[in-house]
Engineer: 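The structure that follows is given in the form of structure tokens.
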Amino acid sequence: PRCNIKKYRYESEKRQKNSSFKNPKIFLPRMNKIIADVLLAGFGAQTLKLILYWFRHKRLSWHDLVVTGGMPSSHTAFVTALATSIYFEEGITTAFAVSLVLAFIVIRDALGVRRTVGQEGKEIERLLRLHKLKSKFHYALGHKPSEVIVGAIFGMGTALLVYLFF
């Protein structure tokens with residue numbers, strides 16, 4: 001079974017054919033919508049993270065392109081875009097169920113495990129500084145709940161836009 005959003009897409013396509021607006025194809029003509037959506041959501045969230053970082057710190061480095069943590073969660077955007085896009089294209093299927101389970105695992109990891117490990121890393125770094133020990137210790141914080149929520153909204157919103165307009 002397909003979801004009811006198909007009729008909105010059909011109406012949207014009908015309106016576009018009757019208007020002078022031509023829908024720009026920014027993806028390869030035969031690119032799978034689900035893949036296009038996942039890539040757009042993930043890299044869009046990472047780009048948004050860089051823009052927010054720039055406004056906050058007035059500087060960027062190559063390291064900032066791959067940094068983990070921060071607003072919004074690009075991992076969450078990737079997996080929610082995947083699950084939402086599969087739902088729009090196929091409805092409730094096995095692929096949708098698998099993508100939903102993957103989304104829950106990734107989101108739980110971003111909120112729980114990675115965040116806890118990051119906080120422990122901060123404490124270890126503090127202890128190293130306290131005892132004046134030198135180390136090339138690196139830790140990555142996980143995400144705050146607000147960062148994950150914004151990432152999920154971004155991923156679902158991207159899926160909806162790709163589904164309706166491409």
Side-chain angles (χ1 to χ4, degrees), residues 1-17 23-53 60 62-122 124 138-166:
R2 297 196 180 259
C3 73
N4 291 336
I5 203 156
K6 279 284 190 191
K7 71 178 183 180
Y8 298 113
R9 181 171 182 231
Y10 172 75
E11 290 169 3
S12 173
E13 287 173 355
K14 199 163 71 171
R15 272 184 266 129
Q16 285 178 1
K17 286 179 184 174
N23 191 5
K25 296 291 182 185
I26 58 173
F27 302 110
L28 295 173
R30 290 190 170 94
M31 182 178 263
N32 183 324
K33 273 188 186 183
I34 295 171
I35 294 170
D37 176 39
V38 169
L39 293 175
L40 182 64
F43 292 117
Q46 195 66 19
T47 302
L48 180 60
K49 188 184 298 188
L50 285 173
I51 291 168
L52 293 173
Y53 189 85
L60 286 176
W62 288 106
H63 173 71
D64 298 328
L65 290 172
V66 293
V67 71
T68 58
M71 172 73 80
S73 169
S74 55
H75 292 88
T76 303
F78 267 118
V79 294
T80 56
L82 176 66
T84 307
S85 192
I86 289 173
Y87 176 72
F88 286 158
E89 288 296 317
E90 300 178 7
I92 299 176
T93 62
T94 303
F96 172 68
V98 170
S99 69
L100 205 56
V101 169
L102 174 68
F104 285 134
I105 291 169
V106 169
I107 291 169
R108 174 69 181 115
D109 179 63
L111 280 172
V113 178
R114 284 183 40 223
R115 182 129 185 98
T116 303
V117 170
Q119 289 169 339
E120 289 171 357
K122 250 181 158 173
I124 291 170
H138 171 74
Y139 65 92
L141 285 175
H143 290 285
K144 297 175 189 167
S146 59
E147 297 167 347
V148 171
I149 290 168
V150 171
I153 291 169
F154 190 86
M156 287 186 274
T158 304
L160 181 63
L161 290 174
V162 167
Y163 183 75
L164 290 175
F165 297 111
F166 295 100

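This chain uses plain numbering: 1 for the first residue, then up along the sequence. This is a predicted model, so every value here is computed, not measured.
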Engineer: Search all heavy atoms of A159 against all heavy atoms of A81 and return the closest pair with its distance.
Structural biologist: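 Closest pair (atom of A159, atom of A81, distance): CB-O, 4.0 Å.
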Engineer: Which residues satisfy the ring-ring contact (aromatic ring centres under 6.0 Å, His included) test with F104, sequence neighbours excluded?
Structural biologist: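 F104 satisfies ring-ring contact (aromatic ring centres under 6.0 Å, His included) with no residue once adjacent residues are dropped.
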Engineer: Supply the atom-to-atom distance I107 CD1 to L102 CG, rounded to the nearest 0.5 angstrom.
Structural biologist: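 Going from CD1 on I107 over to CG on L102, the span is 9.5 Å.
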Engineer: At their closest point, which heavy atom of F43 faces which heavy atom of F78, and how far apart are they?
Structural biologist: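 For F43 and F78, the tightest heavy-atom pair comes out as N-CZ, 4.3 Å.
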Engineer: Calculate, to the nearest 0.5 Å, the distance between atoms CG and CZ belonging to L82 and F96 respectively.
Structural biologist: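 The distance works out to 10.0 Å.
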Engineer: In Å and rounded to the nearest 0.5 Å, what is the CG to CD1 distance from L111 to I149?
Structural biologist: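 Those atoms lie 8.0 Å apart.
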Engineer: Would you say the side chain of L160 lies within less than 4.5 Å of the side chain of T84, judging by non-hydrogen atoms?
Structural biologist: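 Side-chain contact under 4.5 Å: no.
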Engineer: Please enumerate all residues that pass side chain to side chain contact (heavy atoms under 4.5 Å, CB included) together with A45, with sequence neighbours excluded.
Structural biologist: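 With sequence neighbours excluded, A45 shows a side chain to side chain contact (heavy atoms under 4.5 Å, CB included) to P72, S74, A77, F154, given in chain and number order.
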Engineer: Only one of T158, I35, N32, D37 clears side-chain contact (heavy atoms from CB on, under 4.5 Å) with S85; which?
Structural biologist: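 For S85, the side-chain contact (heavy atoms from CB on, under 4.5 Å) check succeeds only for D37.
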Engineer: On a heavy-atom basis, which atom in K33 and which in V162 lie closest, and how many Å separate them?
Structural biologist: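 The answer is O-CG1, 4.0 Å.
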Engineer: Could you work out, with side chain to side chain donor-acceptor pair (under 3.5 Å) as the rule, every residue matching T76, not counting sequence neighbours?
Structural biologist: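 Testing T76 for side chain to side chain donor-acceptor pair (under 3.5 Å), a comparison that skips the adjacent residues, returns S73.
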Engineer: What is the minimum heavy-atom distance between T80 and M156, and which atoms define it?
Structural biologist: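 Closest heavy-atom pair between T80 and M156: OG1-N, 4.0 Å.
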